[in-house]
Amino acid sequence: MTAFKSDFLNTLQERGFIHQCSDFEGLDALAAKGEATAYVGYDCTAPSLHIGNYLTMMMLHWLQQSGNKPITLMGGGTTMVGDPSGKDETRAMRTVAEIEANKASIRGVFAKVLRYGEGKSDAVMLDNAEWLTKLNWIEMLRDVGRHFSVNRMLSMDSVRLRLEREQEMSFIEFNYMVCQAYDFVELAKRTGCRLQMGGSDQWGNIIMGVDLGRRMGTHQLFALTTPLLTTASGAKMGKTAQGAVWLNADQFSPYDFWQYWRNTEDADVGKFLKLFTTLPMNEIKKLEALGGSEINEAKKVLATEATALLHGRDAANEAAETARRTFEEGALAESLPTIEIPRGELDAGLGVLNAFVKAGLVASNGEARRQIKGGGLRVNDEPVNDEKMALSTGHLTPEGVIKLSFGKKKHVLIRPA
């Protein structure tokens, strides 16, 4: 592990945020002096951001905690173009009204983890529509476009992978990296910004901005990316059977958010405590060391701390209490229908389709299959993704039951006889 001079890079390294950096030494020197003004761009493609965005928000949080200045850049302009990164098809074109509505819905979430104001290290929010929508096409081609190599643009993953799969890429999408690179240069000139951060899939686009700044005579610019979020089992993180894990409470409730973290795989608890909470590292190390059934206590801490950071301590405590009453006190359990299953059936493995039929939640195996495909069935609040899944004694909660759910309101408990 590298020993940096700056608290910023030391913190990011210790907590697992760093994937690639264009110049560690130069960035470290800037951050140590409190001169690393940095930005992350957020396109307004939906009414809420999601967990992948939360990761870069936490990078901005730690930047600010170390005395440097964060910029949250709303993509009012770039959303009109559409980022092709990681997409096989052109993104749906959104109207200006849709983009404005999404932007208004997204704005509030940043204040959960950043402090905005007029101070040296206070965060500022800007919108790239302010400059991108005012560009003159011919001037843009002459002043900016001449610095881009089409050969290099074709080699970027966002373009190359699309072409290799023989999927069409529109000319407007091809220009996205030009717009993003220009954002970096514009922010450098307007605010003295030196660093752009993002997910690892943005590396090529960010480096384009670093290079464009050099060609257009800005001060030296830097790139820093965070790893792609995956779970220990290799699944892409931030997805559930019901869809994305949104950050806005009206899109994904605080209780669902708490449960999402509570259901973390054992091997991921330490990693997610470092990335998605502000707990001190010495506390995280103690929680990481827990084994066996004690790991569930660490998961509850993760769920409560991550939820408190985003939705507030009261909402987090309420979610934790609801879960506790459901599974520990049995308050909800007493009001739920319960069926008894011979323990031998669980020891042998009870097919999940059969279990839902026995519980009376579905009429047939066929209906259970259809509900699984639609993300409608859950076991212990975890979506069922595999129709061949077998329930066993390993699925029993500490209270000795298995909770089956159809939608949000129909629940039945299985208790071994």
Side-chain angles (χ1 to χ4, degrees), residues 231-243 245 255-269 290-300 302-303 319-320 322-417:
T231 64
S233 59
K236 186 175 180 180
M237 193 195 162
K239 296 286 185 182
T240 69
Q242 286 74 38
V245 178
Y255 178 74
D256 287 337
F257 195 74
W258 191 95
Q259 284 289 353
Y260 177 79
W261 296 109
R262 172 62 181 83
N263 293 324
T264 295
E265 294 178 34
D266 291 1
D268 285 327
V269 174
L290 296 176
S293 61
E294 286 186 321
I295 194 70
N296 288 321
E297 295 307 311
K299 291 181 184 182
K300 291 173 190 174
L302 166 63
T322 300
R324 187 185 70 80
R325 292 179 66 243
T326 301
F327 287 107
E328 294 175 15
E329 253 182 34
L332 178 58
E334 289 173 4
S335 66
L336 290 179
T338 303
I339 63 167
E340 292 192 345
I341 298 285
R343 182 171 286 273
E345 284 191 43
L346 287 177
D347 289 337
L350 174 62
V352 71
L353 302 180
N354 190 17
F356 275 88
V357 173
K358 280 178 179 282
L361 289 168
V362 295
S364 64
N365 287 358
E367 184 185 353
R369 287 192 186 93
R370 288 192 295 276
Q371 292 300 334
I372 287 172
K373 287 179 182 175
L377 301 187
R378 285 170 294 146
V379 172
N380 293 337
D381 295 319
E382 269 287 281
V384 178
N385 299 313
D386 181 8
E387 67 179 48
K388 295 180 180 177
M389 172 185 177
L391 303 184
S392 68
T393 52
H395 290 94
L396 292 172
T397 68
E399 296 67 44
V401 296
I402 301 173
K403 182 182 175 187
L404 305 184
S405 303
F406 177 10
K408 291 187 176 180
K409 296 184 179 178
K410 295 181 180 178
H411 311 281
V412 173
L413 301 180
I414 289 178
R415 194 181 301 277

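- Side-chain contact between Ile402 and Leu413 is absent, with no heavy atoms from C-beta onward closer than 4.5 Å.
- Remark: Asn385 CG to Lys373 NZ distance equals 13.5 Å, nearest 0.5 Å.
- In this structure, CH2 in Trp261 is found 9.5 Å from CG in Asp268, a value given to the nearest 0.5 Å.
- Using a 30° and 60° split on the angle between ring planes, Tyr255 and Trp258 fall in the parallel class, below 30°.
- Within the 4.5 Å cutoff, the side chain of Leu346 has heavy atoms near those of the Pro416 side chain.
- Residues Val379 and Val352 have side chains in contact (heavy-atom distance under 4.5 Å, counting atoms from C-beta outward).
- Atom CG of Asn296 is separated from atom CG of Leu302 by 12.0 Å, given to the nearest 0.5 angstrom.
- With hydrogens and angles ignored, the 3.5 Å screen pairs no side-chain donor or acceptor of Asn263 with any backbone N or O of Glu382.
- Considering every non-hydrogen atom in both Leu350 and Ala355, the closest pair reads CD2-CB, 3.8 Å.
- Scanning all heavy atoms of the two residues, the minimum distance from Leu361 to His411 falls at CD2-N, 4.4 Å.
- In this structure, the separation between CG on Leu404 and NE2 on His395 is 10.5 Å, given to the nearest 0.5 Å.
- When side chains are defined from C-beta on, Thr338 does not count as touching Val401, because their heavy atoms never get closer than 4.5 Å.
- With Ser405 contributing its side chain and Gly407 its backbone, the two residues share no donor-acceptor pair below 3.5 Å.
- Within the 4.5 Å cutoff, the side chain of Ile341 has no heavy atoms near those of the Leu391 side chain.
- Applying the side-chain hydrogen bond (donor to acceptor under 3.5 Å, both in side chains) definition to pairs two or more places apart or across chains, none involves residues 342-366.
- Checked by atom type and distance alone, the side chain of Arg378 never pairs as donor or acceptor with a backbone atom of Val384 at under 3.5 Å.
- Distance CD/Glu387 to CZ/Arg369: 5.0 Å, rounded to 0.5 Å.
- Residues Gln371 and Phe406 have side chains in contact (heavy-atom distance under 4.5 Å, counting atoms from C-beta outward).
- Leu290 pairs by the side chain to side chain contact (heavy atoms under 4.5 Å, CB included) definition with Leu287, Glu294, Ala298, not counting sequence neighbours.
- Every residue was checked against the salt bridge (Lys or Arg N to Asp or Glu O under 4.0 Å) condition with Arg370, not counting sequence neighbours, and none meets it.
- Of all heavy-atom pairs spanning Ala232 and Ala267, the tightest one is CB-CB, 3.6 Å.
- Using a 4.5 Å cut-off on side-chain heavy atoms (C-beta onward), Asp381 and Lys403 make contact.
- We find the OG1-CZ distance between Thr397 and Arg415 to be 8.5 Å, quoted to the nearest 0.5 Å.
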